[in-house]
Structures are given as structure tokens and as C-alpha cells.
2 protein chains.
Amino acid sequence: MTPREQDQHSHSLHSRPQRVRVQQFGVSLDGIGAGEDQTLERPFGRGRFGDIDPGELFRWAGATASWTLRTEPGGSRGLEDYLLRDYSHGIGAEIMGRNKFGPVRGPWPDEDWTGWWGDEPPFRCPVFVLTHHRRPSFTLADTTFHFLDATPQEALQQALTAADGKDVRIGGGVSTVRQFLDADLIDEMHVAIAPLEFGSGLKLWDAPEDLTDRFHLEKIPAPSGATHCFFWRR
Amino acid sequence: MTPREQDQHSHSLHSRPQRVRVQQFGVSLDGIGAGEDQTLERPFGRGRFGDIDPGELFRWAGATASWTLRTEPGGSRGLEDYLLRDYSHGIGAEIMGRNKFGPVRGPWPDEDWTGWWGDEPPFRCPVFVLTHHRRPSFTLADTTFHFLDATPQEALQQALTAADGKDVRIGGGVSTVRQFLDADLIDEMHVAIAPLEFGSGLKLWDAPEDLTDRFHLEKIPAPSGATHCFFWRR
């Protein structure tokens, strides 16, 4: 039997303030979220031991029932499925770094290329891409991409307005999350540490404990081998 | 950086089949979810050691930020907040036993009494109350209560139709969950074991492992002291 108090928690979702969240961010045991030399074919770049395979970094996610690219029925409905299926709930806008939009660096050679997220990007909300090279906004299905040459604070202000009362997700990559952490703009963060090392690449941290001066930290080892780190402000 | 595959998982939520789920069900270390002698003032009844306090059984939930009855800001945003805030997502109908609706036994003495869930019940969907004593349906805010004298199979059929493609939650209490388990109608279950004993009362199980012939079981101890058990069909 569920107590009345417990059932009522859904009410609270309607009156909460907007939060700024990182969700399902993946790093290795050595704190690396992506390698160097990203290309169209190698979106996570290269570590010391070779190309970084996102399938390994996100193996825990791929084992869940809610993983979209699953080609056969099944998948777990444990803890990690809860983490995965929360991804879009309550999110009204995303901010991402340019490297999450695509591998192009410098001026845009071809504005016809609309990023590596396909014709139906999964964001389904306004997405603000941070770049020094602006280009016109465009819409693909339910997602509109805007390109901003802005500080984290300025970008966040726009995203909070666009999110219309919902939360803003800081989508990555590593440098973008670090920028927003350094500017102290993040309220909550879920980072999954995969049980492998990349040796070199873009580091989120030396250890999750680096952030405990500002955040509560809960570390939950999962049977998948991943360790889930949850941070929220002190 | 989040891989494209991962972001796309939200699509899968739209095409999934309907599931039958138990969520956030609470039991003691000795498998007890409620005591005997429920009354209006004592909704969880009495165990061997005195009245059962739902606040103790659901202490883990009360510590989260998403807990509605929280009177001051704060609360955790770790694993248990994910479990709590998933409560209403994707749910289109609930089935509950009569004892979750109220403490009255036998014929209804007064149909003006509309259950102990207040004027704005938290379910916000059709709720099917299993009882041998039918009474007319009524609506309170977004929740409509229907009263069925039906087998679990018959009730589930009605709830699945009413849920309009979404999932059905089996809301409890203990006897109702047991009935649906015995009829093999449950797809998934999250049960939180609180670190205390009640000594006597309504038992869900001797141990969670009782169910592993039919279900995968993942047990996750949380820093709160609760152990979260996730079950999904083999």
C-alpha cells in the first residue's frame, strides 16, 4: 500500500523552480568523456589505446529496455532503465557544445549539413549550440537548433526562457560541461563511470570527489559494472 | 558528449506495449507491507510492535527533493529521487484494493465518504477499486474512481482499455499485489525494503528471491538504508 503522501509527489513537479541538469553523461574510470581528433566517422575521437567506442562507454545504457537502438525485445528494467527513461522528462531546452553538433571546426564550410543527429533529432526542444561561428537557426522535426556565440551565462538565460518553465539540460561534451561547472551554473548532474580506461582525451575530472565542495555526491555501483554518480548542490 | 543512439531513447516510449507495473511499494525487512486493524487514523494498521508508521516505511522517499509533503526546500536528487519522480510517467490507470481506498469493510455505510485521498487525489487517471461492494463511479478533480467486483484479469482488461495505450499501475495494498502476482499479471515491480521489522502483518514475501523463478531481480542498496528491488519478467 502506498501512503497518500507518497502518491502526491506528482504535484510538486508543477511548482518547482527551473533546474540546470546534466544527464547520463559518460566517462571512463580515468575521467575521460571523449578523445581527440573527432571526425564524422569517429564522433568520440581517439584515446591512447585507439578509437573511443561510445558503445563501450554507454554499455550500461544499451542493456536497458528503454534503449532505442535495441533491435530485439528485452533489456533490463532495473535501476539503469529508470535513469535512461528520465532523459526527456521535464526538459524544455538543451545547451550543447559545437562538438556535440558535429565534427566541423572553424567556419562552416557548408550550411546544408545539419549536424549528425539526422532528420528527426531526439531533443524535441530548442537546442542552443555554442560556437564562435554563428549560422541561421533551423528546425528539423520537433527540434530547433540555434547557434550562439555567447558566454555560458548568456546562453543559459536564453535557454531558460525558451524552456518555458521546464529544466535546461547541459548536453555536453566535456568542455561544455566543464565550462558550466566552472561558472557554477549546474544544479544537478548524473555521470555514469564506465569500467574502462581511455588513457588520454578530454577529462571531466580526476575523481568525482573533486566536486564535493559544492555538491552532494551519491555513488551507486550497478550490476552492469557502471558506477552512477549523482550530484546536487549543497 | 552523449551519443546519438542514447538521446534517441525517448522515441521508444511511444511504441512500447502496455505494461503492468508496481511502483514504490514499501515493505519491511520481514516482508510486511501493512499491519492488521486498519482504521481511518491508522491507515497502515498495527504490527507486533505497535502502529505501523508509513513515515518510517517510506523514510527513503521522504528524504528526496520530489517528495510533495516536504515543508522546506532541499532533499536528495540521487537515485531515490529518480525512483520517486518516475511515479506518474507513462501511467494511464491504476488498480487498487479496497483497503487502499479506505478503511471501511463490508457494505458502504455512507457513499458521501470519498476515500482518504482528499479532494485532489494524486492519481490523475482512472482508478479501479476492487471490492465486493460496488458503488457508483465518481470524479474528484482529475481522478475518476470506479468500483469493480471482478477478478484480477477482468479488472486489468478494463484498466488497460482505460489507460489508452499507457501502462497500468497496480497500486496495492499487499493483498492486491499478491493477487496479481499469483495470477501472473505483473510485468515489472519496484519494491523498497525499509531497514526495520514489523513482526506481524500482511506479508508480500518471505524474501524477494521467492519471485526469481519468474522475474529477473536487481537489488540496489541505497545510502538511505533502503534496499531497492527491481523485478522484470524473465
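Treat the numbers as computed from the prediction; the structure is a model and nothing was measured. Just so we're on the same page: letters track the sequence lines, and every chain starts at 1.
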- Message: Does any backbone or side-chain atom of A/Ser175 lie under 4.5 Å from a heavy atom of chain B? Answer side chain, backbone, both or neither.
- Response: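 The answer is neither part of A/Ser175.
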Side chain, backbone, both or neither: which part of A/Leu79 has an atom under 4.5 Å from a heavy atom of chain B?
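Contact with chain B involves both backbone and side-chain atoms of A/Leu79.
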- Report the C-alpha separation of A/His89 and B/His89 in whole Å, then their side-chain angles, then the decisive distance to 0.1 Å, and conclude whether the side chain to side chain contact (heavy atoms under 4.5 Å, CB included) test is met. CA-CA 8 Å; A/His89 292 150; B/His89 292 149; 3.0 Å; yes
**Message:** Heavy-atom pairs under 4.5 Å with chain B - which of A/Gly97, A/Ser76, A/Ala222, A/Pro221 has more of them than the others?
**Reply:**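 Most heavy-atom pairs within the cutoff with chain B belong to A/Ser76.
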| request: May I ask you to name which of A/Phe231, A/Trp232, A/Phe230 has the most heavy-atom pairs under 4.5 Å with chain B? | output: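 Greatest number of close heavy-atom pairs with chain B: A/Trp232.
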Give the C-alpha distance, both sets of side-chain angles, the deciding distance and a yes or no for side chain to side chain contact (heavy atoms under 4.5 Å, CB included) between A/His190 and B/Tyr82.
CA-CA 11 Å; A/His190 162 222; B/Tyr82 277 80; 3.5 Å; yes
Margin query: Quick test of your reading: applying salt bridge (charged side-chain N to carboxylate O under 4.0 Å, His left out), list the pairs with at least one residue in residues 225-234 of chain B, sequence neighbours left out, ordered by first then second residue.
Written below: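 The answer is B/Asp184-B/Arg233, B/Asp187-B/Arg233.
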Point to revise | Residue pairs passing the salt bridge (charged side-chain N to carboxylate O under 4.0 Å, His left out) test where at least one lies in residues 29-41 of chain B, sequence neighbours excluded | key: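 The answer is B/Asp37-B/Arg46.
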### Query
Passes side chain to side chain contact (heavy atoms under 4.5 Å, CB included), B/His216 versus A/Arg77? Steps please.
CA-CA 9 Å; B/His216 296 276; A/Arg77 288 288 189 186; over 6 Å; no
* Asked: What closest approach, in Å, do B/Glu218 and A/Pro223 show between heavy atoms, and which atom pair accounts for it?
  ->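 The pair with the smallest heavy-atom distance is CG-CG, 3.6 Å.
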